[in-house]
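Model, not experiment: these values are computed from the prediction.
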Amino acid sequence: QVQLVESGGGSVQAGGSLRLSCAASGLTYSSYCLGWFRQVPGKEREGVATVDNNNSTTYTDSVKGRFIISQDNAKNTLYLQMNSLKPEDTGMYYCAVVRPREGCYFSEYALGDWGQGTQVTVSS
C-alpha cells in the first residue's frame, strides 16, 4: 500500500520560496506518475505539476518558470521547489501517485493515492 506524506509547507511572503517534500512508501519504481496539486477553500483542486518515471514533467501555466518538480528515487521523495511565490499560490498542497494511462495528465490522478497535504500560505 502506498503512503504519501507531504512536508515543507509554511508561511512566506510574496516573492519568497518554499520547497515541498513528499515522502513515499510502498511505491515501486517502474511506471508511475507523481504529481503536486493544490486546493483553496471554495475552489476546485488544481493540478500544479507532474513528473513520471522518465522524469518527463508538466506544469500548469500559472507556475511555469517558477516551480520545479523533481524526484529523488533513492530517497523515495518527490519535491516541489516553489520560487517567486505569489499570494494566489496559497493553498493546501497535495502529492499524489498513480499508474500512468496516457501521459500523466492531471485527471489521471483521480484514481491514485494521495497524501494529506501541507499548507502553503503566501502573504502580500
Side-chain angles (χ1 to χ4, degrees):
Q1 182 177 349
V2 175
Q3 184 171 5
L4 305 173
V5 181
E6 301 94 337
S7 63
S11 298
V12 64
Q13 67 181 46
S17 298
L18 285 173
R19 188 192 192 198
L20 306 184
S21 298
C22 173
S25 62
L27 177 66
T28 61
Y29 290 92
S30 53
S31 297
Y32 59 82
C33 306
L34 292 164
W36 285 99
F37 295 75
R38 64 189 180 190
Q39 187 168 25
V40 178
K43 296 184 179 180
E44 297 294 322
R45 185 173 60 196
E46 175 190 24
V48 176
T50 186
V51 62
D52 67 14
N53 50 281
N54 294 315
N55 272 330
S56 294
T57 61
T58 58
Y59 299 89
T60 191
D61 288 344
S62 64
V63 308
K64 288 180 179 177
R66 299 189 298 119
F67 290 11
I68 301 173
I69 187 171
S70 63
Q71 60 184 320
D72 186 332
N73 292 344
K75 296 181 179 180
N76 277 16
T77 302
L78 175 71
Y79 301 99
L80 183 67
Q81 178 65 48
M82 306 187 295
N83 300 315
S84 301
L85 283 162
K86 304 175 180 180
E88 48 263 48
D89 294 318
T90 293
M92 184 71 74
Y93 282 69
Y94 302 87
C95 62
V97 62
V98 70
R99 181 177 299 178
R101 291 184 177 275
E102 296 181 5
C104 290
Y105 299 141
F106 290 131
S107 60
E108 296 178 26
Y109 290 84
L111 300 178
D113 293 292
W114 294 75
Q116 296 188 68
T118 185
Q119 179 67 38
V120 171
T121 302
V122 184
S123 60
S124 301

Problem set entry | Verdict with supporting geometry, Val63 and Arg38, side-chain contact (heavy atoms from CB on, under 4.5 Å) | CA-CA 12 Å; Val63 308; Arg38 64 189 180 190; 3.9 Å; yes

Problem set entry | More than 12 heavy atoms of other groups within 6.0 Å of Gln119 CD | yes

Exercise. Should we say atom CD of Gln13 is surrounded by more than 12 heavy atoms from elsewhere, each under 6.0 Å from it?
Worked result: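 At most 12 heavy atoms, drawn from other residues, nucleotides or ligands, come within 6.0 Å of this atom.
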
Quick check for you: to the nearest 0.5 Å, what is the distance between [X] atom [atom1] and [Y] atom [atom2]?
X: Thr57; Y: Ile68; atom1: OG1; atom2: CD1; answer: 9.5 Å
X: Leu27; Y: Asp113; atom1: CG; atom2: CG; answer: 9.0 Å
X: Thr118; Y: Trp36; atom1: OG1; atom2: CH2; answer: 7.5 Å
X: Leu78; Y: Ser21; atom1: CG; atom2: OG; answer: 8.5 Å
X: Cys33; Y: Asn53; atom1: SG; atom2: CG; answer: 7.5 Å
X: Met92; Y: Thr121; atom1: CE; atom2: OG1; answer: 8.5 Å

Transitively linked via ILVMFWY side-chain contacts under 4.5 Å: [X] with [Y]?
X: Tyr79; Y: Val12; answer: no
X: Ile69; Y: Val98; answer: no
X: Leu80; Y: Leu85; answer: yes
X: Phe106; Y: Tyr94; answer: yes

For the backbone of [Y] and the side chain of [X], can you confirm whether one donor and one acceptor N or O come within less than 3.5 Å of each other?
X: Thr50; Y: Leu34; result: yes
X: Trp114; Y: Leu4; result: no
X: Asp52; Y: Asn54; result: yes

Of all heavy-atom pairs between [X] and [Y], which one has the smallest distance, and what is that distance?
X: Phe37; Y: Ala96; value: CE1-CB, 4.2 Å
X: Gly103; Y: Glu108; value: N-OE2, 3.1 Å
X: Ser124; Y: Pro87; value: OG-CG, 3.5 Å

Exercise. Charged N to carboxylate O under 4.0 angstrom, Asp61 versus Lys64?
Worked result: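 So Asp61 pairs with Lys64 through a salt bridge.
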
Looking at side-chain heavy atoms only, is the closest gap between [X] and [Y] below 4.5 Å?
X: Glu6; Y: Tyr93; answer: no
X: Val122; Y: Met82; answer: no
X: Gln71; Y: Tyr32; answer: yes
X: Glu46; Y: Val40; answer: no
X: Ser62; Y: Lys86; answer: no

Exercise. Step by step, would you call Phe67 with Tyr59 a ring pair (Phe, Tyr, Trp, His ring centres under 6.0 Å)?
Worked result: CA-CA 8 Å; Phe67 290 11; Tyr59 299 89; 8.1 Å; no

